[in-house]
Engineer: 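Take a look at the following structure, please.
Chain letters run A, B, ... following the sequence lines, proteins first and then strands; every chain starts at 1.
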4 protein chains.
Amino acid sequence: MNIGFFHDRAQGANKRQRTRAAMLDATVRLVAQKGMAALRINDITEEAGLANGTFYNHFSDKDEVLLEAALGIAAEVSRQLDTDMTEIDDAPSRVVTATRRFINIVLAEPDWAALLISGTEHLPQLRDDASQYLRADLERGVAQGRFEIEVSGFLLKQILALIQVAVSSQLLAGLDARQTDQTCEAILRMLGLTPADARRLCASA
Amino acid sequence: MNIGFFHDRAQGANKRQRTRAAMLDATVRLVAQKGMAALRINDITEEAGLANGTFYNHFSDKDEVLLEAALGIAAEVSRQLDTDMTEIDDAPSRVVTATRRFINIVLAEPDWAALLISGTEHLPQLRDDASQYLRADLERGVAQGRFEIEVSGFLLKQILALIQVAVSSQLLAGLDARQTDQTCEAILRMLGLTPADARRLCASA
Amino acid sequence: MNIGFFHDRAQGANKRQRTRAAMLDATVRLVAQKGMAALRINDITEEAGLANGTFYNHFSDKDEVLLEAALGIAAEVSRQLDTDMTEIDDAPSRVVTATRRFINIVLAEPDWAALLISGTEHLPQLRDDASQYLRADLERGVAQGRFEIEVSGFLLKQILALIQVAVSSQLLAGLDARQTDQTCEAILRMLGLTPADARRLCASA
Amino acid sequence: MNIGFFHDRAQGANKRQRTRAAMLDATVRLVAQKGMAALRINDITEEAGLANGTFYNHFSDKDEVLLEAALGIAAEVSRQLDTDMTEIDDAPSRVVTATRRFINIVLAEPDWAALLISGTEHLPQLRDDASQYLRADLERGVAQGRFEIEVSGFLLKQILALIQVAVSSQLLAGLDARQTDQTCEAILRMLGLTPADARRLCASA
DNA sequence: GATGAATGAGTATTCATTCAT
DNA sequence: AATGAATGAATACTCATTCAT
């Protein structure tokens with residue numbers, strides 16, 4: 001049970017890094033299965049095929065391993081999200097593209113989706129990271145005269161909540177492109193676009 | 001430390017009911033303070049001024065007391081919410097009124113807000129109850145030709161998520177009527193109203 | 001394995017006090033057997049015939065139970081030591097009587113001797129208590145013109161060290177009245193009495 | 001952090017000896033700082049600037065390194081103590097000189113003092129070594145008709161206890177020549193000298 | 001020899017639950 | 001019904017020791 005994102009990333013690294021990666025991957029799997037609250041240190045090491053004491057050679061406590069796992073996954077999602085975004089200029093298109101991509105990226109790795117869903121409440125850092133990009137696109141849309149809104153932290157929370165609904169819903173019930181479309185439309189409507197414009201911009205490939 | 005919603009409701013009832021009420025109120029206060037995960041049985045009885053063993057004379061475990069507390073609060077919120085709703089016919093007005101009222105009712109008792117926020121993840125029943133009323137109003141709006149949507153469970157989740165954002169945001173940062181207005185507007189926009197119509201219907205008294 | 005000083009003292013008290021006493025007695029026995037460093041919580045409860053968790057219903061940690069056990073024993077020793085001391089006026093006789101009695105009292109209960117020996121390093125309070133009485137007798141002897149010394153904390157430490165040597169030596173090798181006599185003589189010599197006077201005052205009954 | 005008695009002694013020796021010396025010095029420093037009970041293997045190697053596994057290339061366990069460190073220090077103290085002792089014939093003078101020197105030697109290196117103080121309880125060997133020299137001087141004093149005592153193991157323990165009081169007191173409160181004087185006087189009084197003779201022989205330079 | 005990561009037995013501590021009073 | 005002491009399984013964490021590199 002050693003495969004996983006951190007394992008892949010630690011290929012060729014020294015033993016310490018590979019052991020660490022095994023525990024990070026185990027953490028991701030376990031949080032996805034049972035949630036953060038039910039995460040136990042012994043489960044992590046067992047899932048990673050290690051002795052319990054090994055955990056403390058690498059992390060000082062549960063929070064530390066959780067934070068590192070979540071930030072690692074978030075960074076990877078962020079990396080995949082950024083691809084070719086510079087080519088898109090139109091703010092509504094940027095928002096739709098980012099939203100759809102984010103949803104698809106995390107649902108392609110359900111463990112990531114589950115981890116990030118669990119993490120948003122406890123790890124404000126995750127939310128903050130995501131907010132940076134989104135805020136820029138919202139301001140771009142205002143500047144382009146496309147969004148009829150005032151950019152605020154509260155608005156960001158609203159949009160992120162809608163995205164979270166899309167992810168958690170599909171995580172439970174399976175992939176459903178219509179829900180992703182509907183999420184994009186809802187966001188654009190919230191931002192002031194007409195239902196017709198929103199529909200047009202969100203129509204799946 | 002015996003006052004609280006359940007205590008009031010048990011005025012004049014027999015001793016068993018009053019003891020039970022004390023623990024329910026204690027549960028509400030403690031969940032509001034520290035969250036569900038940190039809730040301990042001994043804390044409940046101590047907060048209620050009772051001996052720890054008394055808990056098991058009334059509840060079989062933590063989930064039971066939590067469920068009963070949350071449903072009790074939810075029923076009361078629902079009761080307050082219903083007042084005079086029959087006089088409102090216009091679907092968008094119904095949605096706005098219900099949303100605004102709900103937010104104000106729970107924020108008037110921050111412990112209720114905190115409990116319901118904590119509870120939505122773990123107690124699907126809460127969500128389902130709220131959905132009933134909302135679904136009816138959405139269908140009414142479709143029938144009236146005011147909403148440009150398809151009513152679905154997913155749409156209900158989206159709207160409830162926006163309401164939850166409003167509640168949790170104001171629970172942390174203090175009451176802010178503009179956030180409530182903005183939430184109502186966002187919901188109406190999502191439902192297909194124009195920004196102008198949404199604005200008009202949501203302007204605070 | 002419930003008999004012991006604290007058990008006797010808790011006769012007729014409520015269950016809580018009796019359980020507490022059982023753990024205090026267990027602590028005394030275990031420290032006497034293996035020393036303070038080797039004391040484990042589980043050993044205490046096992047020796048007391050209780051479940052491990054019970055410890056924490058009564059004490060917050062090892063230090064607390066140790067302190068309470070040591071102070072309880074010390075208070076009892078002190079109580080036994082005081083008997084009829086008011087009848088003795090002559091300072092050298094007081095010192096000799098107190099020294100001899102102390103040694104005999106604690107050696108009559110070897111566990112007490114062992115506990116107090118172990119405790120002196122870690123529990124300065126024990127040493128301080130003993131010092132009070134001794135200091136008074138030394139000052140009396142100076143006032144009576146019998147001791148050729150200056151009373152100081154350092155002098156008290158010297159005398160207590162000699163007493164400790166007597167106790168620990170007899171604890172290991174068995175009772176030996178000559179060592180007690182020799183200790184009394186050494187103390188009187190240290191205080192300025194001639195060897196002849198010291199010998200005379202210390203001759204065992 | 002490599003300097004220390006064993007480091008100096010291993011100058012010019014092979015690497016194995018120097019590595020060993022680094023751990024012995026680290027042990028001395030750590031015991032002085034925190035006591036024997038709190039000594040951890042990893043702390044020793046870290047303090048010595050080595051990898052933890054290295055410890056077991058040189059010592060089989062904690063007791064071994066402690067014993068070697070203590071005996072090494074004790075041998076050095078003994079060496080310094082012996083200088084010019086052959087020139088002193090008078091037994092009381094020998095005892096006073098040895099006592100004063102011992103106290104000054106160990107307090108000149110507070111780590112040594114702390115180590116030896118910690119060690120006396122657990123390492124009977126240390127006590128035995130010291131006893132050899134002292135016993136000879138006591139017997140000399142008896143033969144010279146200067147001491148009014150019977151030489152015994154118990155008497156040796158008494159004298160060593162007084163020396164230990166002097167060392168630990170000054171270790172805590174700082175050097176105080178009067179305490180050393182007082183210790184010498186107390187020992188001579190114990191050995192049967194008159195207070196006046198004791199005073200005369202112990203007056204500090 | 002030195003390294004340092006891994007090991008796992010040992011120990012402390014918490015807390016839901018039981019039950020005699 | 002209420003009490004509150006006792007229970008013991010669950011869990012976290014430490015650290016001496018081993019061993020492959």
Side-chain angles (χ1 to χ4, degrees), chain A residues 14-20 22-23 38-46 48-63, chain B residues 14-20 22-23 38-46 48-65, chain C residues 14-20 22-23 38-46 48-63, chain D residues 14-20 22-23 38-46 48-65:
Chain A
N14 60 25
K15 186 172 187 185
R16 180 172 180 79
Q17 293 308 317
R18 294 200 312 276
T19 298
R20 193 180 179 81
M23 286 189 285
L39 184 67
R40 284 175 302 129
I41 305 284
N42 276 9
D43 287 347
I44 294 173
T45 49
E46 188 185 357
L50 297 163
N52 61 30
T54 302
F55 179 86
Y56 297 95
N57 292 337
H58 295 268
F59 307 102
S60 58
D61 58 17
K62 222 183 292 184
D63 286 345
Chain B
N14 60 23
K15 185 171 183 188
R16 178 168 179 80
Q17 291 308 318
R18 295 201 311 277
T19 298
R20 192 180 179 81
M23 286 189 285
L39 185 67
R40 285 174 299 143
I41 305 282
N42 277 13
D43 287 348
I44 294 174
T45 49
E46 187 187 357
L50 298 164
N52 64 5
T54 303
F55 180 86
Y56 294 93
N57 291 333
H58 294 268
F59 307 101
S60 60
D61 61 15
K62 218 188 296 187
D63 286 345
E64 190 176 318
V65 72
Chain C
N14 60 24
K15 186 173 188 184
R16 180 172 178 79
Q17 292 308 318
R18 295 200 311 276
T19 298
R20 192 180 179 81
M23 287 190 284
L39 185 66
R40 284 174 300 129
I41 305 283
N42 276 10
D43 287 348
I44 293 173
T45 49
E46 188 186 355
L50 297 163
N52 61 28
T54 302
F55 179 86
Y56 297 94
N57 291 338
H58 296 268
F59 306 102
S60 58
D61 59 17
K62 223 184 292 185
D63 285 347
Chain D
N14 60 24
K15 185 171 183 188
R16 178 169 178 81
Q17 291 309 317
R18 295 202 311 276
T19 298
R20 192 180 180 81
M23 286 189 283
L39 185 66
R40 286 175 297 143
I41 305 282
N42 276 13
D43 287 348
I44 294 173
T45 49
E46 187 186 358
L50 298 164
N52 64 5
T54 303
F55 179 86
Y56 294 92
N57 291 334
H58 294 270
F59 306 101
S60 58
D61 60 16
K62 218 188 294 186
D63 285 346
E64 190 176 318
V65 71

Engineer: Kindly compute the distance separating CG (A:N42) from CZ (A:F55), expressed to the nearest 0.5 Å.
Structural biologist: 10.5 Å
Engineer: Just how far, in rounded Å, is C1' of F:dT3 from CD of B:E46?
Structural biologist: 15 Å
Engineer: At under 4.0 Å between heavy atoms, how does the protein contact nucleotides 13-21 of chain E? Give one character per nucleotide, 5' to 3', with B, S or -.
Structural biologist: BBSSBB---
Engineer: Please enumerate all residues that pass salt bridge (Lys or Arg N to Asp or Glu O under 4.0 Å) together with D:R18, with sequence neighbours excluded.
Structural biologist: none
Engineer: Check salt bridge (Lys or Arg N to Asp or Glu O under 4.0 Å) between B:R40 and all other residues, then give those that pass, not counting sequence neighbours.
Structural biologist: B:D43
Engineer: With sequence neighbours excluded, what pairs up with C:L39 under the side chain to side chain contact (heavy atoms under 4.5 Å, CB included) test?
Structural biologist: C:T27, C:L30, C:V31, C:I44, C:K62, C:L66
Engineer: Specify the residue among B:K15 and C:L50 whose closest nucleotide of DNA chain F lies further upstream toward the 5′ end.
Structural biologist: B:K15
Engineer: My understanding is that only residues two or more places apart in sequence, or in another chain, count here; which of them pass side-chain hydrogen bond (donor to acceptor under 3.5 Å, both in side chains) with C:E46?
Structural biologist: none
Engineer: Rounded to the nearest Å, what distance is computed from the CG atom of residue D:N14 to the P atom of nucleotide E:dG1?
Structural biologist: 8 Å
Engineer: Expressed in angstrom and rounded to an integer, what is the separation of D:I44 atom CD1 from F:dC15 atom P?
Structural biologist: 13 Å
Engineer: Is D:H58 close enough to E:dA2 that one of its side-chain N or O atoms is under 4.0 Å from OP1 or OP2 there?
Structural biologist: yes
Engineer: In Å, rounded to the nearest 0.5 Å, how long is the span from OH of A:Y56 to CD1 of A:I41?
Structural biologist: 4.0 Å
Engineer: For F:dA2, does either OP1 or OP2 sit under 4.0 Å from a side-chain N or O belonging to B:T19?
Structural biologist: yes
Engineer: Flag the pair B:E64 / B:H58 as yes when at least one side-chain heavy-atom distance between them is below 4.5 Å, and no otherwise.
Structural biologist: no
Engineer: Measure the CE-OG1 distance between B:M23 and B:T45 for me, rounded to the nearest 0.5 Å.
Structural biologist: 8.0 Å
Engineer: In this structure, how many angstroms lie between the P atom of F:dT3 and the CZ atom of C:R16, rounded?
Structural biologist: 16 Å
Engineer: In dot-bracket, 5' to 3', how would DNA chain F read with Watson-Crick or G-U wobble pairs under 3.5 Å, [ ] for crossing ones and | for pairs to another strand?
Structural biologist: .||||||||||||||||||||
